[in-house]
There are 2 protein chains.
Amino acid sequence: MKIGILGGGQLGRMLIQSALKYDDEFYTLDPASDAPCNNISHFTQGNFNDFETVLNFGKDKDVVTIEIEHVNADALAELEKQGIKVVPNAAIIKTIQQKILQKEFYKTYDIPSPEFQVVWNSDEKIMMPLPFVQKMNTGGYDGKGVQVIRTEEDYQDVWKEASVIESLVDIDKELSVIVARNESGETKTFPVTEMVADPKLNLLDFNICPVFLSEDIQKQIDSITEKFLNAVNSPGLFAIELFLDKEGKIWVNETAPRLHNSGHQSQEGNANSQFEQMYRVVKNLPLADTDAFGYSGMLNLVGAEGHAGKVIYEGMDDVLKLPKTYIHLYGKTETKPGRKMGHINVLADTREELMEKLVKVKSMVRVIAE
Amino acid sequence: MKIGILGGGQLGRMLIQSALKYDDEFYTLDPASDAPCNNISHFTQGNFNDFETVLNFGKDKDVVTIEIEHVNADALAELEKQGIKVVPNAAIIKTIQQKILQKEFYKTYDIPSPEFQVVWNSDEKIMMPLPFVQKMNTGGYDGKGVQVIRTEEDYQDVWKEASVIESLVDIDKELSVIVARNESGETKTFPVTEMVADPKLNLLDFNICPVFLSEDIQKQIDSITEKFLNAVNSPGLFAIELFLDKEGKIWVNETAPRLHNSGHQSQEGNANSQFEQMYRVVKNLPLADTDAFGYSGMLNLVGAEGHAGKVIYEGMDDVLKLPKTYIHLYGKTETKPGRKMGHINVLADTREELMEKLVKVKSMVRVIAE
């Protein structure tokens, strides 16, 4: 089968890597000639935000999917009209692409998400009491396009563009759950993972699984995933990012209509990875079992501050000596501060051992430039 | 790093798949334009038995390795002279390529292997009592080039060419152990696996791990792997195929200087797979831990009798529904009787559960032509 992917980054690369155990041909579209998918798929250099480029790329494929949501969804809708299968479908990509539509979607389907106000232009008065979160309607990614307004003085920083103003959740834990639905309507959920964020770069630091949750909290999450998978009306693999607040209530922060950083530990930690599951969704195959094997965790390998240029992974030979520790690099030759260059997965028998190993590994490696 | 592989078959494909989590460039050489490695590496169509072809292929690589042993070892020796790293080195490939040299190697290093007589030409009298095994000196592969001579009448079938005449072992079990050694001299051994062969096609049927062995038998195996890894004087990953005879003695049947079918269950069954280990050997990195996770087993997907042409995998959708069951296809479009098209790995908590699952899966699938 000819599978086209919009985006040629690490998510696409790991999807293709995983799917090499089946017999399909992968095609990728990315503006960067040195994109991670370039030398492992039929690669087209081009802009996935351009209508004609996406249309041309997709028209001879059996199925088109995405590894980034900021793509031209109108072109995907046109491809659907022409009879090309698009996973997830253009409508849900469009909804999730725009924070305003995403929030309305949660409201419509009774999925708990922080209270919000829509601001379409700079004249609108913000009614939300301080502190609040502002999320740009479009273009947010990896923590960009999101800010917290805490004080009266911060008001001057408010972006004067279409955005969502959300009440600030008093966060106890950040959780994530990867869910999948195939065209036949079968659904499957990965075990919940917990994220520990780096406050500076706003990229995940550690992502660990499983998480012990009270029966009540697990029930709230199950209800959310069920409602979401019923509402979504599209095959796809989705990451639902959750907040657990200090009163024990679960809120949906946001959803990604694709493979997600918070699912990377599934590569060695679960019976099947998010990449295997995505492949099955794309081909409408029976979904894979997602059981966790013991404890697993992930840390991102992010370009160090002050380093830009040809990448060197300092300390990696020592990491290779550690048992049940798995390095995943993304085939990127150039590092820059904050760039996701790879990740490391770790397996352990207890949560304590897991945290200890993650902290140790993090202290051993640095992503620097030559 | 530029890594060149002689051979572009499934072993190379799975090595490249596994190594996609690092940042290297793979180059493959194979006579078949539709070789499994073609679209996932820089591919050169050419004959790996031809001196000039191998020399030209290897001369601009950082390291050259093999995924099949029937290659031009003289060209590899010449590459070594020119300063190209070859893994495993040309000398050991040459030794293992020729059954006669392989047997002499075992004798020299006191590695127990069935008694033998060398026959260089058709005039030599065979001294070995019946029944015996005849192995052609060169060209044997997947059970080809090996025959058992049982009776006086069978004598007419004896091949009139350079070969090894071996005493027939009264086999209780066929075992295999994958061992690795890097350039720094570090060594690592995978847990022993047990093979159940299909008497007709002489390809493995099931390959299971771990195997319960008495302390004495395990000691014999440890002694063999230790002697082998000391003797081999080359970095490399090797499969040592063993016979356990009915009196509890272990014999080396033969050795392959490469990734091996009997190590495939390591993909999901062990902390790291033979492919990860091979990658580390090629790059002289610290070797990976090889611990087994519970029970694992593998069955080959082999082209059914009477079917040649474009392949169909019958029953695969049902296999995809089974938990902890992993399909690995090799990207081959054409099937023929006995051709290895893929394999399926299975995980289980007990040996009984494992055997039950393997038998069930085997009954579910068939590799046929359109």
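Predicted model, so just to flag it, every value in this text is computed and none were measured. Chain identifiers are assigned alphabetically (A, B, ...) following the order of the sequence lines, protein sequences preceding nucleic acid strands; residue numbering begins at 1 within each chain.
Note that CZ of B:F293 and CD of A:E268 are 8.5 Å apart. Values are rounded to the nearest 0.5 Å. If you take NZ on A:K321 and CG on B:L287, they are separated by 11.0 Å, rounding to the nearest 0.5 Å. To the nearest 0.5 angstrom, B:N39 atom CG is 9.5 Å from A:S41 atom OG. Taking NZ of B:K21 as the start and NE2 of A:H343 as the end, the distance is 8.5 Å to the nearest 0.5 Å.
Across B:L322, B:D318, B:D317, B:D24, the residue that shares the most heavy-atom pairs under 4.5 angstrom with chain A is B:D317. With chain A as the partner, the residue from B:T333, B:I327, B:T290 showing the most heavy-atom pairs under 4.5 Å is B:I327. Listed options A:P323, A:G294, A:P286, A:A288 were ranked by heavy-atom pairs under 4.5 angstrom with chain B; first place goes to A:P286.
Of the two parts of B:Y326, the backbone and the side chain both hold a non-hydrogen atom closer than 4.5 Å to a non-hydrogen atom of chain A. When heavy atoms are compared at a cutoff of 4.5 Å, A:D291 approaches chain B solely by way of its side chain, counted from C-beta outward. With a 4.5 angstrom heavy-atom cutoff, A:F26 does not touch chain B via any of its atoms.
A:L320 and B:Y22 make their closest contact through CD2-OH, 3.8 Å (heavy atoms, listed as atom of the first residue, atom of the second, distance). For A:S18 against B:Q17, the heavy-atom pair with the smallest separation is O-NE2, 3.6 Å.
Remark: A:E356 CD is loosely packed, at most 12 non-hydrogen atoms of other residues, nucleotides or ligands lying under 6.0 Å away.
Looking only at side-chain heavy atoms (C-beta outward), B:L20 and A:I16 stay at 4.5 Å or farther from each other.
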